[in-house]
Each structure stands twice: as structure tokens, then as C-alpha cells.
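Below is one structure, written out as C-alpha cells, with a few remarks after it.
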Number of protein chains: 2
Amino acid sequence: MKAASLKPDAYAANCPTRQILDRVGDKWAVLILLLLRSEPMRFNQLRRAIEGISQKMLSQVLKSLERDGLLRRRAIATVPVTVEYSITPLGSTLAEAVDPLRDWAEQNLKEVLAAQRRYDAQRKALAA
Amino acid sequence: MKAASLKPDAYAANCPTRQILDRVGDKWAVLILLLLRSEPMRFNQLRRAIEGISQKMLSQVLKSLERDGLLRRRAIATVPVTVEYSITPLGSTLAEAVDPLRDWAEQNLKEVLAAQRRYDAQRKALAA
DNA sequence: CAGAATCCCTAGTGATACTG
DNA sequence: CAGTATCACTAGGGATTCTG
């Protein structure tokens, strides 16, 4: 865990958008948020749903999402203990703000991939 | 430079959204895109505008953005050479899809920070 | 000016084991 | 079940140097 940054650039680091984009860009954060949007889930339930995340990362990301007020953690005193994670209203609004990006991705991924192929073909031609 | 991933999880890695979110989450990519939205810029012009990016990163990010078809690179044969980067239509639509996120960030950063303070205060109380 | 190539170092991440 | 703690790794990113 490191603080934002120590002394650097005035343009990038201070920008509120940066912090949010970092969170959105986080490999798992948005994924978790989107999952919780449909229903509350428990720890291992999320773990299985995501399949590929280590429990360390899951635990870590959940903690920061909770810290940011984007989701809420509820421990239920059963034996063994049950913990339920649910999205907060704030988290929901963020998830909504991400939707246009999802849409863009789905609509334009093909074009991006095509551009990549073109670029790579071009480069290969030059290399020859 | 690594390929997407080799064999892992079916849920996270295959998702088109993941690739895009990675790009959006990239520390500089979106920043650059947003800058270019207003006007084409040259390499060192961007470098100065961002202030804090290393030229390695700038060069690297520019290259992948170009590869993705999100911006276009034009080398003009002057002495010394001039290179101009401009956003593509595809890049513009992505930038637009990011706007809701910017807005969310600006509107809700305060609340996020407040949540963080609450969380931290809570934790400190428990630690005592 | 616009980059490419190197070196280097640390922070992010996974795997493994342990706990309440 | 729901985590925490350790260790060990490597890839991301900065600083520096060189080039067309």
C-alpha cells in the first residue's frame, strides 16, 4: 500500500479522475462490483465466481472497495461465520458509470483487434 | 509486453471488457487520449503536458494506443523530424465512454474520501 | 526532436501455510 | 468459512545513455 504519490506532477496525480480510474482499472475491482450488482455474495462464492483470482487478491480488493464505500461487508455470527458482501448505492452509481465503457468494449473490441492486426502486419512488413 | 494471458480463468480474461478496462486503467493511456481530444500534439509537447511521465512510458503507451487504433501517428519530414499524434474517431468514442466516469469521479470523490476516513477511524478505534 | 536500448529496483501478485 | 501472514518471484516503470 502506497499513498497517492509523494511530490510529483500536478496534472496527473491530483486529478480526482486518476484515483477513480486507478480503481476502475484495477484488475478485479470492477469485476467484483459488477458481480455484486446482481446479488450479495459471500467470500468463497465470489472466489469461485471469478475463478483465477487468488484469495489474497480477493481479500485485498474487497477491503479497499469497502474502504471506498463501494461495497458493504456484513459478518453474520453463524458457525462457521458467514460474511456477505453487498454493493452500496455509491457502488451502484459507479457501476452504472462503467456501463458505457462495457458497451463500448463490446461494440468496438472487434475493431480494436483489427487495428492491432493491421499494425502488426505493417510492422512485420517493415521488419522484412 | 505480454499477451493477454495463456490459459487462465474463463470469466475474467476472455471478457472483452477486461481488455478495455485494462487500457482505461492504464496510468497514462486515458490521460493522453483526453489531451489529444482537444488537439493533436507532438511527442515532447505531450511529455511536458503530462509532467511526470517518463519518456519510456510515453513512447510505450503511445505505441499501444496507436496499435489499438485509438490514435494516429504522423511523422512529418522536417529537420529535425516532427511527429504529430492525433486521436482517431475510434479513440474519440472511447474518450466519450470515459466521460461518465470522469463525471462520477468529480461528483463522488468527496464521498469516497469520506468513506475512507470513516473506515480508517473505525479501524483505529478497534486497534486501540 | 523523437525515440530505442539498458540497467536496475521495488511494488504488485501468486502460492503456501496457518488461524478463529 | 473467511480470512491473515510469509515468502519468493517477476514484470512494470523510472533513470540514464545513445541515435537518426
Side-chain angles (χ1 to χ4, degrees), chain A residues 1-9 12-13 18 21-23 25-29 31-32 36 40-67 71-86 123 126-127, chain B residues 1-9 12-13 18 21-23 25-29 31-32 36 40-67 71-86 123 126-127:
Chain A
M1 310 238 179
K2 61 154 194 286
S5 43
L6 300 176
K7 49 160 50 79
D9 52 282
R18 269 262 53 81
L21 284 180
D22 281 353
R23 177 137 303 314
D26 180 297
K27 193 173 183 185
W28 310 109
L31 208 52
I32 292 175
L36 290 182
M41 295 178 86
R42 285 171 306 122
F43 189 89
N44 281 312
Q45 199 178 355
L46 280 165
R47 189 154 151 55
R48 263 173 277 115
I50 297 184
E51 172 95 34
I53 192 172
S54 67
Q55 94 2 328
K56 179 186 177 182
M57 277 305 99
L58 180 54
S59 151
Q60 198 169 293
V61 175
L62 285 173
K63 216 182 292 180
S64 39
L65 287 175
E66 187 196 359
R67 188 171 109 100
L71 60 77
R72 185 178 34 221
R73 193 191 107 113
R74 266 189 59 211
I76 305 165
T78 54
V79 179
V81 64
T82 304
V83 178
E84 187 185 81
Y85 292 92
S86 55
R123 290 220 67 191
L126 291 180
Chain B
M1 311 231 175
K2 60 157 193 285
S5 44
L6 300 176
K7 50 161 48 79
D9 53 279
R18 269 262 53 82
L21 285 180
D22 281 355
R23 177 138 301 314
D26 181 296
K27 193 172 181 183
W28 309 110
L31 208 53
I32 292 175
L36 290 182
M41 296 178 84
R42 284 168 308 120
F43 189 89
N44 280 312
Q45 199 178 355
L46 279 166
R47 189 154 152 55
R48 264 174 275 113
I50 295 184
E51 172 93 34
I53 192 172
S54 65
Q55 90 24 301
K56 179 187 177 181
M57 278 304 100
L58 180 55
S59 151
Q60 197 170 293
V61 175
L62 285 173
K63 215 182 293 181
S64 37
L65 286 175
E66 187 196 1
R67 188 171 109 99
L71 60 77
R72 184 178 32 223
R73 193 192 108 110
R74 266 189 58 210
I76 305 164
T78 53
V79 179
V81 64
T82 302
V83 179
E84 187 186 81
Y85 292 93
S86 56
R123 288 220 70 189
L126 292 179

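Order of the sequence lines sets the chain letters (A, B, ...), proteins ahead of strands, with each chain counted from 1. Any value given below was found using the heavy atoms of this structure, including those in side chains, with hydrogens, waters and symmetry copies removed.
No contact: B:Arg47 has no heavy atom under 4.0 Å from any strand.
Between C:dA4 and B:Ser59, a contact under 4.0 Å exists linking OP1 or OP2 to a side-chain N or O. OP1 or OP2 of D:dG3 lies within a sub-4.0 Å distance of a side-chain N or O belonging to A:Tyr85.
The side chain of A:Asn44 approaches D:dC1 more closely than any other nucleotide in the set C:dC1, D:dG3, D:dC1.
In this structure, CD on B:Gln45 lies 10.5 Å from OG1 on B:Thr82, to the nearest 0.5 angstrom. Atoms CG and CZ, from B:Leu36 and B:Arg72 in turn, are 11.5 Å apart once rounded to the nearest 0.5 Å. In this structure, CG in A:Leu46 is found 6.0 Å from CG in A:Leu58, a value given to the nearest 0.5 Å. For the atom pair CG (A:Leu62) and OG (A:Ser64), the distance works out to 8.0 Å, reported to the nearest 0.5 Å.
Looking at A:Arg18 and A:Asp22, their side chains come closer than 4.5 Å, going by heavy atoms from C-beta outward. Here the side chains of B:Gln60 and B:Trp28 are not in contact, with every heavy-atom distance at 4.5 Å or above. Between A:Leu65 and A:Arg23 there is a side-chain heavy-atom pair separated by less than 4.5 Å.
Rounded to an integer number of Å, the gap from A:Leu46 CG to D:dC1 C1' is 13 Å. Nucleotide D:dA2 holds its P atom 14 Å from the CG atom of A:Leu71, rounded to whole Å. Computed from coordinates, the B:Leu62 CG to C:dA2 P distance equals 11 Å when rounded to whole Å. Spacing between atom CG of A:Asp22 and atom P of C:dG12 amounts to 11 Å, rounded to whole angstrom units. For the pair B:Glu84 CD and C:dC1 P, the computed distance is 16 Å after rounding to whole Å. In this entry the distance linking CZ of A:Arg73 with P of D:dC1 reads 16 Å, nearest Å. If you measure from atom CD1 of A:Ile50 to atom P of D:dA2, you get 14 Å, rounded to the nearest angstrom. Rounding to whole angstrom units, NZ of residue A:Lys63 and C1' of D:dA5 are separated by 11 Å.
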Expected string for nucleotides 13-20 of chain C under the B/S/- scheme (protein heavy atoms, under 4.0 Å, primed atoms plus P, OP1, OP2 as sugar-phosphate) is BBBBB---
